[in-house]
Trainee: 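Below is one structure. I have some questions about it.
Model, not experiment: these values are computed from the prediction. All heavy atoms count here, side chains included; hydrogens, waters and symmetry mates do not.
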Amino acid sequence: MTDVQPTDGWAPLRATTPARIGLGRAGDSLPTRRVLEFRAAHAAARDAVHDPLDVDGLVERLRGIGVDEPPRVCSRAVSRAEYLRRPDLGRAPADLSGLPKTNADIGFVLADGLSPRALAEHATGMLDALLCQFDGRYRIAPPVIATQARVALGDHVGAALGVATVLVLIGERPGLSFADSLGIYLTHRPAPGCTDADRNCISNIHPPDGLDYAGAAAVAAALVAGARTLSRSGVALKDTTRNTAVPPGF
């Protein structure tokens with residue numbers, strides 16, 4: 001008699017998502033393969049958090065899209081360990097005296113965040129897409145690289161630059177599916193003391209598996225235009241770029 005192998009009914013669903021579903025079991029535990037996959041993903045997430053940003057390497061890649069010697073700032077966190085222990089220090093700048101007062105329409109902050117790896121891998125492509133999207137429409141301030149940075153550090157940088165709107169490109173908290181996801185946080189009229197309610201977020205930027213650069217840039221452009229119309233960002237500003245038409249009578 002020929003042995004009949006059981007059909008894996010989860011296989012079609014597992015192919016559509018990075019989530020861990022239908023893992024199976026070996027006795028009272030998971031199969032060895034699944035345990036090893038989990039440990040590898042956990043190690044990648046830990047490495048993404050702790051590995052420092054190669055600032056010089058990022059600067060070199062930025063030169064390839066025409067960005068020369070961006071200003072550099074850091075937060076009050078003096079080490080990666082302190083940055084992880086003290087989120088408050090990551091939100092406050094150590095020194096912004098070297099930033100030019102630009103009075104530009106748009107400012108960019110390239111922040112390492114909780115995944116410097118994400119910024120290293122995606123910042124250049126994402127910034128290039130944004131610059132192409134905004135070209136000729138707005139005055140653009142020189143991009144600023146920020147290390148040991150949390151999102152709110154962008155409000156201080158934006159205020160120092162004198163920009164109307166600041167976009168913080170930052171490495172998002174790594175997960176067990178992806179450790180290189182980039183986010184964009186947009187604040188109109190940035191100033192120290194702004195809260196999460198004053199910001200809009202575009203997340204999960206990590207092509208080819210996540211949102212691509214062109215798609216993220218289109219959403220950012222729509223949010224910038226909306227913020228300039230409303231004279232504010234945050235909870236009052238909605239992303240309508242991905243709305244679909246509602247069928248009549250629905």
Trainee: Are the charged groups of D56 and R72 less than 4.0 angstrom apart, N to O?
Mentor: yes

Trainee: Does any non-hydrogen side-chain atom of M126 lie less than 4.5 Å from one of I205?
Mentor: yes

Trainee: Just by distance, do the side chain of S233 and the backbone of A227 share a donor-acceptor pair under 3.5 Å?
Mentor: no

Trainee: Taking V78's backbone N and O only, do any of them form a donor-acceptor pair with E82's side chain (distance below 3.5 Å, no angle check)?
Mentor: yes

Trainee: More than 12 non-hydrogen atoms from neighbouring residues, nucleotides or ligands closer than 6.0 Å to CZ on R46, yes or no?
Mentor: no

Trainee: Over all heavy atoms of both residues, which pair between V168 and V151 is shortest? Give the atoms and the distance, please.
Mentor: CG2-O, 4.1 Å

Trainee: Distance-only, no hydrogens or angles: does the R199 side chain make a donor-acceptor pair with backbone N or O of G234 under 3.5 Å?
Mentor: no

Trainee: Sort out for me which residue in L167, V59, L62 forms a side-chain contact (heavy atoms from CB on, under 4.5 Å) with L110.
Mentor: L62

Trainee: Walk me through it: do V163 and I106 pass the test side chain to side chain contact (heavy atoms under 4.5 Å, CB included)?
Mentor: CA-CA 6 Å; V163 298; I106 304 290; over 6 Å; no

Trainee: Any chance CZ of R232 has more than 12 other-residue heavy atoms, nucleotides or ligands included, within less than 6.0 Å?
Mentor: no

Trainee: With a 4.5 Å limit on heavy-atom distance, are the side chains of V224 and F134 in contact?
Mentor: yes

Trainee: Check A129 against A214 and note the closest heavy-atom contact, atom names and distance.
Mentor: CB-N, 4.4 Å

Trainee: Within the structure provided, determine whether F108 and L131 are in side-chain contact (heavy-atom separation under 4.5 Å).
Mentor: yes

Trainee: Give a yes or no answer on whether the side chain of R150 reaches the backbone of G113 with a donor-acceptor pair at less than 3.5 Å.
Mentor: no

Trainee: Linking directly or through intermediates, with side-chain heavy atoms under 4.5 Å: list the remaining ILVMFWY members grouped with Y83, chain and number order.
Mentor: V49, L84, L114

Trainee: Evaluate the side-chain proximity of I140 to D105: yes if any heavy-atom separation is below 4.5 Å, no if none is.
Mentor: no

Trainee: Kindly indicate whether the side chain of C132, heavy atoms from C-beta on, has any atom under 4.5 Å from the side chain of D128.
Mentor: yes

Trainee: Just how far is it from atom CG of L182 to atom CG of L127, taken to the nearest 0.5 Å?
Mentor: 10.5 Å

Trainee: Would R80 and D112 pass as an ion pair if we require N to O under 4.0 Å?
Mentor: yes

Trainee: Which is it for I184 and L130 under the side chain to side chain contact (heavy atoms under 4.5 Å, CB included) test, yes or no, and what are the steps along the way?
Mentor: CA-CA 11 Å; I184 300 176; L130 288 166; 4.3 Å; yes

Trainee: Before accepting this row, confirm whether a basic side-chain N of the pair R91/D88 lies closer than 4.0 Å to the acidic partner's carboxylate O.
Mentor: no

Trainee: I'd like to check V55 versus T147 (side-chain heavy atoms, cut-off strictly below 4.5 Å). Are they in contact?
Mentor: yes

Trainee: Distance from T187 atom OG1 to D198 atom CG, nearest 0.5 Å?
Mentor: 7.0 Å

Trainee: Show your working on side chain to side chain contact (heavy atoms under 4.5 Å, CB included) between L58 and T124 and close with a plain yes or no.
Mentor: CA-CA 8 Å; L58 177 58; T124 304; 4.0 Å; yes

Trainee: Should the heavy atoms of other residues, nucleotides or ligands under 6.0 Å from CZ of R33 be counted, would the total exceed 12?
Mentor: no

Trainee: Rounded at 0.5 Å granularity, tell me how far CZ in R34 sits from CZ in R39.
Mentor: 15.5 Å

Trainee: Can you see which heavy atom on Q133 is nearest to which on A221, and at what distance?
Mentor: CG-CB, 3.4 Å

Trainee: Mark yes or no for whether T165, through its side chain, and H188, through its backbone, hold a donor-acceptor pair below 3.5 Å.
Mentor: no

Trainee: Over all heavy atoms of both residues, which pair between S181 and E172 is shortest? Give the atoms and the distance, please.
Mentor: OG-OE1, 2.5 Å

Trainee: Can you confirm whether more than 12 heavy atoms, excluding those of R63, are under 6.0 Å from its CZ atom?
Mentor: yes

Trainee: Using every non-hydrogen atom in the two residues, find where P143 and P70 come nearest and quote the distance to one decimal.
Mentor: O-CB, 3.2 Å

Trainee: Quick check for you: to the nearest 0.5 Å, what is the distance between C194 atom SG and Y185 atom OH?
Mentor: 15.0 Å

Trainee: Start with the C-alpha gap between D239 and L223, add the side-chain angles, then the distance that decides, and say whether side chain to side chain contact (heavy atoms under 4.5 Å, CB included) holds.
Mentor: CA-CA 6 Å; D239 169 24; L223 289 173; 4.2 Å; yes

Trainee: How about L53 and L119: do any of their side-chain heavy atoms sit closer than 4.5 Å?
Mentor: yes

Trainee: Which heavy atom of A191 sits nearest a heavy atom of A159, and at what distance?
Mentor: CA-CB, 4.2 Å

Trainee: Report yes if some heavy atom in the side chain of H122 is under 4.5 Å from a heavy atom in the side chain of P207; otherwise report no.
Mentor: yes

Trainee: Please report the interatomic distance CG(L186) to CG(L169), rounded to the nearest 0.5 Å.
Mentor: 10.5 Å

Trainee: Atom CG of N204 and atom CZ of F178: how far apart are they, to the nearest 0.5 Å?
Mentor: 8.5 Å

